[in-house]
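A short worksheet on the structure shown next.
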Amino acid sequence: MSDFGGAVKPLSGNPDFKIAVLGVPFDEKSSYLRGAAGGPGAIRAVSTGKCYCGWTELGVDLEEETVMVDLGDVDTSGDPDKTFGLIEKAVAGVLAKGAVPIVLGGDHSITYPVLKAFAAAHKPLDVLHFDAHPDLYDDLYGDRLSHACPFARILEDGLAESVVQVGVRAVTSAHRSKALKHGVRMVEMKEIQEPLRFKFSNPLYISFDMDALDPAFAPGVSHHEPGGLSTRQAVQIIQALKGRIVGLDIVELNPGRDASGITAAAAFKIVKEVAGRIVRP
Ligand code: MN
Ligand code: MN
């Protein structure tokens with residue numbers, strides 16, 4: 001299993017845990033590509049204390065200041081209805097102990113059964129939803145439990161008092177109507193304006209190390225350091241800067257770690273945007 005930077009303790013001897021990790025290797029409600037079922041395993045594998053410590057940036061030592069356990073995976077071998085029931089039951093079990101569940105998915109469909117369990121323990125509940133998509137479809141290809149639908153079900157069932165969606169950028173008019181009807185606050189990417197505005201009075205050279213971007217956007221670098229700039233933020237900085245650009249380098253792209261080619265695509269995007277500013281300062 002895992003150790004989350006050494007923070008996870010064995011369940012035996014720690015019955016009064018405060019935080020419980022729960023894996024849900026389930027991707028049967030994915031509408032396009034399967035693979036999210038590998039999420040829990042991948043997160044556990046990467047979390048090893050051989051690579052990371054249990055300290056947060058704000059100085060919390062998870063190893064010392066809480067009791068964190070890993071309850072393993074929910075059994076997802078049955079049909080989806082059965083799996084959803086088991087997800088709800090597993091989460092309810094954690095909540096019944098007064099502990100906090102950390103659920104590793106899995107596709108987004110699992111949030112519906114998870115929040116069903118929360119309704120019994122924590123009501124009213126507010127939800128902050130980070131996603132490119134509102135996940136508010138009534139159904140997708142006839143499936144009302146698709147990973148494109150969980151927030152429609154959550155709102156219809158009154159499982160959330162308020163929902164704030166952040167990062168949304170794939171919205172249909174039906175989504176908008178649904179969001180309006182249920183009072184969902186949808187913060188779309190196009191509304192998020194936060195460019196750092198730099199001004200240079202001398203000729204400007206830009207050196208762009210690709211690991212400045214968050215590895216979610218640019219995995220093809222040698223040193224994965226989460227918490228970085230999004231590609232959008234980088235582009236905004238370039239677009240907003242004032243100065244006469246006279247040179248650029250793009251460094252540290254590691255194609256061996258760039259399985260999808262997205263990092264190369266991001267590098268090209270940066271080049272393009274800078275070129276545009278060279279052409280039109
Ligand atoms: Mn989603
Ligand atoms: Mn999404």
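One-based numbering along the sequence shown.
- E65 places a side-chain N or O within 3.5 Å of a backbone atom of D61 that can act as its donor or acceptor partner.
- Between the CG atom of L196 and the CD1 atom of I238 there is a distance of 12.0 Å, given to the nearest 0.5 Å.
- R232 contributes no side-chain N or O that, together with a main-chain N or O of M189, makes up a donor-acceptor pair within less than 3.5 Å.
- For N14 (side chain) and F17 (main-chain N/O), no donor-acceptor pair under 3.5 Å exists by modelled atom type.
- If you check the side chains of D135 and H133, you find no donor sitting under 3.5 Å from an acceptor.
- The backbone N or O of S162 sits nowhere less than 3.5 Å from a side-chain atom of R185 that would complete a donor-acceptor pair.
- Of all heavy-atom pairs spanning V91 and P101, the tightest one is CG1-CG, 4.1 Å.
- The hydrophobic cluster containing V60, built from Ile/Leu/Val/Met/Phe/Trp/Tyr side-chain heavy atoms closer than 4.5 Å, also comprises L62.
- At least one donor-acceptor pair under 3.5 Å links the side chain of S230 to the backbone N or O of Q233.
- Here the closest non-hydrogen pair linking H147 and S31 is NE2-OG, 2.7 Å.
- With sequence neighbours excluded, no residue satisfies salt bridge (Lys or Arg N to Asp or Glu O under 4.0 Å) with D258.
- With contacts defined as side-chain heavy-atom distances shorter than 4.5 Å, the pair M210/L213 qualifies.
- By the rule that hydrophobic residues join a cluster once side-chain heavy atoms approach within less than 4.5 Å of another member, I206 and F217 end up as members of separate clusters.
- What you find for P25 and V74 is that their closest heavy atoms are CD-O, 3.8 Å.
- The side-chain hydrogen bond (donor to acceptor under 3.5 Å, both in side chains) test applied to S30 returns D107, not counting sequence neighbours.
- Across all non-hydrogen atoms, the minimal contact from P40 to G106 is CD-N, 4.0 Å.
- Proximity of a side-chain donor or acceptor of R257 to a complementary backbone N or O of S222 within less than 3.5 Å is detected.
- Qualifying side-chain hydrogen bond (donor to acceptor under 3.5 Å, both in side chains) partners for D27, counting only residues two or more places apart in sequence or in other chains: R34.
- Put simply, the side chain of T76 never gets that close to the backbone of T83: no donor and acceptor are under 3.5 Å apart.
- Distance NE2/H182 to CG/L136: 8.0 Å, rounded to 0.5 Å.
- Residues P281 and G243 come closest through the heavy atom pair CB-O, 4.0 Å.
- Residues Y137, Y141 make up the rest of the hydrophobic cluster containing L140, defined by ILVMFWY side-chain heavy atoms closer than 4.5 Å, directly or through other members.
- Using a distance-only test at 3.5 Å, with no hydrogens or angles considered, a donor-acceptor pair links the side chain of D214 to the main chain of G227.
- Grouped by direct or indirect side-chain proximity (heavy atoms under 4.5 Å, Ile/Leu/Val/Met/Phe/Trp/Tyr only), F268 sits alone.
- Contact annotation: the side chain of V168 never approaches that of V187 to less than 4.5 Å [non-hydrogen atoms, C-beta and beyond].
- If you take OG1 on T66 and CD1 on I19, they are separated by 4.0 Å, rounding to the nearest 0.5 Å.
- Annotation: salt bridge (Lys or Arg N to Asp or Glu O under 4.0 Å) contacts of R144 (sequence neighbours excluded): E156.
- The side-chain heavy atoms of V69 and V21, taken from C-beta on, include no pair separated by under 4.5 Å.
- Counting only heavy atoms from C-beta outward, the side chains of N254 and T263 never approach each other to under 4.5 Å.
- Under the 3.5 Å distance criterion, the side-chain polar atoms of K9 are matched with a main-chain donor or acceptor of E63.
- The shortest non-hydrogen separation linking G105 to I110 is CA-CD1, 3.8 Å.
- Contact check for V103 versus T111: no side-chain heavy atoms found under the 4.5 Å cut-off.
- A salt bridge between D16 and K97 is absent, with no side-chain N of the basic residue lying under 4.0 Å from a carboxylate O of the acidic one.
- Residue M186 holds its CE atom at 10.5 Å from CG of D131, rounded to the nearest 0.5 Å.
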Next item on the list: Applying salt bridge (Lys or Arg N to Asp or Glu O under 4.0 Å), run through D70 and R44 and close with a yes or a no.
Entry: CA-CA 10 Å; D70 187 341; R44 287 187 176 108; 2.6 Å; yes
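- At most 12 non-hydrogen atoms from other residues, nucleotides or ligands lie less than 6.0 angstrom from CD of E225.
- Of the inter-residue distances, the one linking M68 atom CE with D3 atom CG reads 9.5 Å to the nearest 0.5 angstrom.
- Sorted by first and then second residue, the ring-ring contact (aromatic ring centres under 6.0 Å, His included) pairs involving residues 80-124 (not counting sequence neighbours) are F26-F84, H108-H129, H108-F151, F118-H122.
- Atom CG of D157 is separated from atom CG of L155 by 9.0 Å, given to the nearest 0.5 angstrom.
- Remark: R176 engages E188 in a salt bridge (Lys or Arg N to Asp or Glu O under 4.0 Å) (not counting sequence neighbours).
- In this structure, D209 has no salt bridge (Lys or Arg N to Asp or Glu O under 4.0 Å) partners at least two apart in sequence or on a different chain.
- With sequence neighbours excluded, the residues that form a side-chain contact (heavy atoms from CB on, under 4.5 Å) with E161 are P124, D126.
- In this structure, S177 has no side-chain hydrogen bond (donor to acceptor under 3.5 Å, both in side chains) partners at least two apart in sequence or on a different chain.
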